[in-house]
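Each chain gets a letter, A, B and so on, in the order its sequence line appears, and its residues count up from 1.
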Protein chains: 2
Amino acid sequence: MKANLKDLAKDLGISVSTVSKALRDSYEIGEKTKQRVLAKAAELGYTPNPYAGFLRNNKSKTIAIVVPELTNNYFIQAISGAEEIAQENNYHILIYTTNDNFEKEKSIIKHLMNGRVDGVLLSISSTTSSYMHFNELIQNGVPIIFFDRICHEIETAKITTNDFASGFLATEHLIKNGCRDIAYLSLSEHLSIDNKRKQGYFEALNKYDIKIDETRIINCGVDEKMNTKKIKKLLSGSKIPDGIFASVERLALKVYHVCNSAKISIPQKIKVISFSNLRTADLLNPSLTTITQPAYEIGKEAAKILFKHLSKRKSVLLNENIIIDSVLTIRNSTKK
Amino acid sequence: MKANLKDLAKDLGISVSTVSKALRDSYEIGEKTKQRVLAKAAELGYTPNPYAGFLRNNKSKTIAIVVPELTNNYFIQAISGAEEIAQENNYHILIYTTNDNFEKEKSIIKHLMNGRVDGVLLSISSTTSSYMHFNELIQNGVPIIFFDRICHEIETAKITTNDFASGFLATEHLIKNGCRDIAYLSLSEHLSIDNKRKQGYFEALNKYDIKIDETRIINCGVDEKMNTKKIKKLLSGSKIPDGIFASVERLALKVYHVCNSAKISIPQKIKVISFSNLRTADLLNPSLTTITQPAYEIGKEAAKILFKHLSKRKSVLLNENIIIDSVLTIRNSTKK
DNA sequence: TTTTTTTACGAAATCGTTTTCGTTTAATTT
DNA sequence: AAATTAAACGAAAACGATTTCGTAAAAAAA
């Protein structure tokens, strides 16, 4: 049913190699022959079998994007950006989610070890505690580029936003709007981006001579019920914080839910700021002040670097940190 | 660097075919040989080259998911569902977006024609006006399953929600809450799901003896600026509708924006209901009454049907319509 | 003991390309 | 006219696995 080179060759009474070269517009083939081949290919609806070429060339024109979850606007925007660049470069994209599970991440990486993809774009799982699988992948000749949740221990390109500065800025914004007792909702202690945001938070507290209170650092994780419990605890009792800095969108939404049911008014009683790529931030009640990462740009940039590296037959991917700044959008959740 | 079967065979002093069979646990190979091969494979970190197998077996263990856009909660949830099933079945997922562009959709389908994937899950573009490319794909032996934005003209499995009933229910809900002049915001005149929702809307109007006013059918499209203009026009002047039924989330959000800037209060002045998979529907100002499609389930179901079909060497995919009901969640945007 | 069957393995074809070498004929140079 | 070069094509070897078929040795049956 599906025509291949051999079929074309037989029909035309010429050799397979001639057909192949004609289709690739080789200088070795005469003009009239090329025309005949092209015509026949169109007639039979010939399309090359990609896997045959992959096998021969050891190139799959495919990359993998590995993210902790899909139901997260940041990752979706990043993927969209990468996808745009991939389409421009005629690359295909395989998607994998780790569900923030270390074992799953390792298993996925192992599957990518064998040449299925030419490169990987990855944001590490929050439970990842060792990095050997990444090094193994690189040693197998598959370049990997980290974005957002990066891994400093691996020598490669990494794209993030200015997490430290953004953390500082977010906290300073709360302070300037009158907060003195600010809680930090941490995504995961293992992630460098979270630590940087937290360092920015510390730095701001320091600058304004606010003592750091360790009980105001809430270490959240994968278990949503546990997160809810911790946030409920934070927001109950007599001494609740007057400001909350959420390192990630879903924790801010949780705060909204808890405040709604506990009748804690935002921003009068407590002000909330969050890293977020929510499209509806301005429509929330109240509208949410956000630090928005240029996720789409980050995805595009990560893909661009990967393709640039793949296009030249150069050796290893150099160690570089690319930073694209986030933007603070002030809305009502932090209103004085 | 990367070990292949030949390397294993040479190291062990046995033939390639024996190694291959040993790894596949063939009955033809003795127990001690199998052990030796397994040990050597582990030692050299052997992983099979997937493309070699694909070429040989004409099976790629890969499916494609083609959607109009990624920045849409419905599609993301559907993809997540499909991805879960794919992981269970050891399948890989290629993602493509058409950006609601017919030409792009055709081009993507053409790329999938050559055996790159074993099957396709697709939601058609809103500008798609002919279906030959789908038939061509099927004739090339690649099964395709439609979800949500389906194509009735193609004989295959299709998964949707109960669009007609949901459209009716949504409209009836508005009527019961006092609306008499309800506008319908259409996603695209070409899409059957949109038409069904609209039919449900008509049916509800009929049931309650409300005359259909064609000027209240707003045909939106891909051009966001145009959509904004149309919605602004709808909501300006002296005679604005008292209810709005948005066929898709992003149009409802546009209504919110326009109402915000025009100081039209929801739900006092106008009530809004929308098909939507927004996670933040309950946090909006006001919270949005939604018809929520079980997107995750729909994605899972679509993938399940595809894998079931792929697992048995049967011929064609039978024509069937699977319907998973949406749920109406009443919130403040339609409050009396 | 002879014949048959089973067990365990290897040789080689195959999947559909790409690419390296020839090789033939025509064109060009001495 | 002889020698060289260029143009146009074909044969065959890869790429790395799977699988069919053949065969030797060992085991079982006669």
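- Side-chain to base pairing of B/K2 with D/dG16: no donor and acceptor N or O lie closer than 3.5 Å to each other.
- Both B/L55 and B/G13 sit near DNA chain C, but only B/G13 has its closest nucleotide nearer the 5' end.
- Rounding to whole angstrom units, CD1 of residue A/I14 and C1' of D/dA7 are separated by 16 Å.
- Using a 4.0 Å cutoff on non-hydrogen atoms, the parts of residues 26-42 of chain B near DNA chain D are B/E28, ordered by number.
- Checked by atom type and distance alone, the side chain of A/E83 pairs as donor or acceptor with a backbone atom of B/T97 at under 3.5 Å.
- For B/S15 against C/dA11, a side-chain-to-base donor-acceptor contact under 3.5 Å is absent.
- Shown here are the side chain to side chain contact (heavy atoms under 4.5 Å, CB included) partners of B/S20, two or more places apart in sequence or in another chain: B/L5, B/R24.
- Taking A/N114 as the reference, A/R116, B/T47, B/P50 meet the side chain to side chain contact (heavy atoms under 4.5 Å, CB included) condition, with sequence neighbours excluded.
- Here D/dG10 is the nucleotide among D/dG10, C/dC9, C/dT19 with the atom lying nearest to any side-chain atom of A/T18.
- Summarising the geometry, the separation between NZ on B/K59 and C1' on D/dA17 is reported as 17 Å, rounded to the nearest angstrom.
- An OP1 or OP2 oxygen of C/dA13 is reached within less than 4.0 angstrom by no side-chain nitrogen or oxygen of B/R56.
- A/N114 has its CG atom 17 Å from the P atom of D/dC15, to the nearest Å.
- For the pair B/L5 CG and D/dT19 P, the interatomic distance rounds to 12 Å; values are reported in whole Å.
- Distance B/K10 NZ to C/dG10 C1': 17 Å, rounded to the nearest Å.
- Rounded to whole angstrom, the span from the OH atom of A/Y51 across to the P atom of D/dA14 amounts to 26 Å.
- Candidate nucleotides D/dG10, D/dT18, D/dC15 were compared by shortest atom distance to the side chain of B/K6, and D/dC15 ranks first.
- Proximity of B/F75 to B/R149: side-chain heavy atoms (C-beta onward) are separated by under 4.5 Å at one or more points.
- For B/F146 and B/F134, the ring centers are positioned less than 6.0 Å apart.
- For the pair B/F147/B/I322, no side-chain contact is recorded, criterion being any heavy-atom separation below 4.5 Å from C-beta on.
- Minimum atom distance to the side chain of A/K21 is reached by C/dT19, of the listed C/dT19, C/dA12, C/dT17.
- Per the geometry, CZ belonging to A/R24 stands 18 Å off C1' belonging to D/dA8, to the nearest Å.
- Between D/dG16 and B/N49, no contact under 4.0 Å exists linking OP1 or OP2 to a side-chain N or O.
- One atom, CG of A/N4, and another, C1' of C/dT14, lie 12 Å apart when rounded to the nearest Å.
- With A/T160 contributing its side chain and A/D148 its backbone, the two residues share no donor-acceptor pair below 3.5 Å.
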